[in-house]
Amino acid sequence: MQKGLTNFFEEYLARDTIFAEKKAIQSSYIPSIISHRDEQINQIASIIAPSLKSERVSNLFIYGKPGTGKTLSVKHTTSKLLELAKSKGVPLSTIYINCKLKKVADTEYRLIAHLARECGKDVPDTGLPTSEVYRMFFSSIGASEKTYLLILDEIDVLAKKAGDEILYNLTRINEELKNAQISLIGISNDLVFVDNLDPRVKSSLSEEEVVFPPYNAPQIQGILKERAQLAFKPGVLAEGVIEKCAAYAAREHGDARRALEVLRVAGELAERGNSPTVSISHIDQAEEKIEKDRISHIISTQPKQYQAILYSVLQTAEKKEHVFTGEVYEFYRALTAKTGLRPLTQRRVSDVIAEFDMFGIINAKVISKGRYGRTREIFLSPHLQTENVTLVLQKALDL
DNA sequence: AGGTATTCACATGAAACTATTCTCTGAGTTAGG
DNA sequence: TAACTCAGAGAATAGTTTCATGTGAATACCTGT
């Protein structure tokens, strides 16, 4: 057995890999040229260029669907700008913050605290009043005569969670500062996000706008080819693989990131299966694997209450194809009585079910049954392998 | 028959509450001078 | 007397509960024919 293991590892080492430069298709990879985004990059560049002369830069709002290269383009443009500023001695800083990251910048306090830390202040995670953190931030930034470009990625998440007051405060920061200047670059996946914004915030935040349209199939093919050329050894990709991958992404509203992920996973699958080439069937498998992994990851990391609720959904929906919230809740109450779990209210359970729907683990839609009320009609997702998940849940809930 | 009113069974929203984690402050305590 | 300790007051936050209000269409109930 152990001998076999050693052999396995040795073989693994000796094995010829199909990857040449694997990191070229990993999501963290930043390509040196960004295809099909010249127009947008030029727009961004011309908008932020005045910062090189220490002039005020208009606030910029960028939006487009996921995987359309927004973040990449902004990072690319600003890093070039920063390089130049450095060499010319222009006092310019960019601060990039992803507002979606939990525990980093998803509330007003944390966002400002993060900014203050970027400016060299030591701010605790909690305990201080928010106004105090603002003060610290101002005091550290206000001293120098510097221009800051503040890039807020996924700004819609922040606004949804913490309200648009923060954004209003941010747009007004300049009025409080004597020397320094701050300009905002907001990036959002949500296309209607701006419309639901407070008009005051809206007008000052989106002084300039840049739209990133989805990639079309040929463009995605182009991108995939470029990356694949770097990532894989020549001749590894079978005929039609790129096309298939691009077609998949086009279906997913032109999400290049997804396409690259599928290609990477397909490559990993091929390699693990000892196949010298990546074939079309690997793509299919990769798609499926990604979805499955996503679901099982979500399920296993959920808290107990969520698991209990999901278990209730599975159990009640098992034979019937669809169930209503009330039935799930009834089962759930019985379950909590049996397991000693503190039962949540129906209100809460309703929200949890809605969340599962968001995750795509189940399909729930609100229907009206006329005289018989209004409720959610819950279907199981076709991706969900009921038996497997049930087992996992049973174990987690020790039933 | 056609039209209006009810009604159900939750959905959805907002506010308030709970528990936890953390800072800051000032009173009390301690140890050394 | 300076340094230290420690409890209490305030904050931020996540996860809920409580209270209030909303809602879409199948039925019940009319109304005039």
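Note that this is a predicted model, so its numbers are computed, not measured. Naming: A, B, ... by sequence-line order, numbering from 1 per chain.
For S139(A) and K121(A), the side-chain atoms include at least one donor-acceptor pair closer than 3.5 Å. Side-chain contact annotation: E377(A) with N363(A), donor-acceptor N/O pair under 3.5 Å absent. Side-chain contact of S35(A) with E226(A): a donor-acceptor pair under 3.5 Å is present, judged by distance alone. When only modelled atom types and interatomic distance are considered, H282(A) and S279(A) share a side-chain donor-acceptor pair under 3.5 Å.
Dashed line: the shortest gap from a side-chain N or O of R376(A) to OP1 or OP2 of dT12(B) is under 4.0 Å. At dA11(B), one or more side-chain N or O atoms of S350(A) fall inside 4.0 Å of OP1 or OP2 (strictly under the cut-off).
I367(A) comes within 4.0 angstrom of no nucleic acid atom, judged by non-hydrogen atoms across all strands. Contacts of K102(A) with the nucleic acid, taken as non-hydrogen atoms under 4.0 Å apart, are absent. Using a 4.0 Å heavy-atom cutoff across all strands shown, R110(A) reaches sugar-phosphate atoms only and no base atom. The residue Q346(A) sits close only to the backbone: its heavy atoms come under 4.0 Å of sugar-phosphate atoms, none of a base.
E355(A) places its CD atom 15 Å from the C1' atom of dT12(B), with the value rounded to the nearest Å. Counting to the nearest Å, the C1' atom of dC24(B) and the CG atom of L128(A) are 8 Å from each other. Distance OH (Y109(A)) to C1' (dT21(B)): 12 Å, rounded to an integer number of Å. One can place CD1 of I353(A) at 14 Å from C1' of dT12(B), the figure rounded to the nearest angstrom. Atom CG of D125(A) and atom C1' of dC24(B) are 16 Å apart (whole Å).
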Assess whether side chain to side chain contact (heavy atoms under 4.5 Å, CB included) is satisfied between L184(A) and L60(A), documenting all intermediate values. CA-CA 6 Å; L184(A) 298 175; L60(A) 168 61; over 6 Å; no
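The outermost nucleotides of DNA chain C lying under 4.0 Å from heavy atoms of chain A, listed 5' to 3', are dG10(C) to dA28(C).
Exactly one of L230(A), L72(A), L260(A) qualifies for a side chain to side chain contact (heavy atoms under 4.5 Å, CB included) with Y29(A). That residue is L230(A).
Each of R348(A) and T107(A) has a nearest nucleotide on DNA chain C; the 5'-most of these lies closest to T107(A).
Taking the ring axis of Y215(A) as reference, the NZ or CZ atom of R37(A) stays within 45° of it and closer than 6.0 Å to the ring centre.
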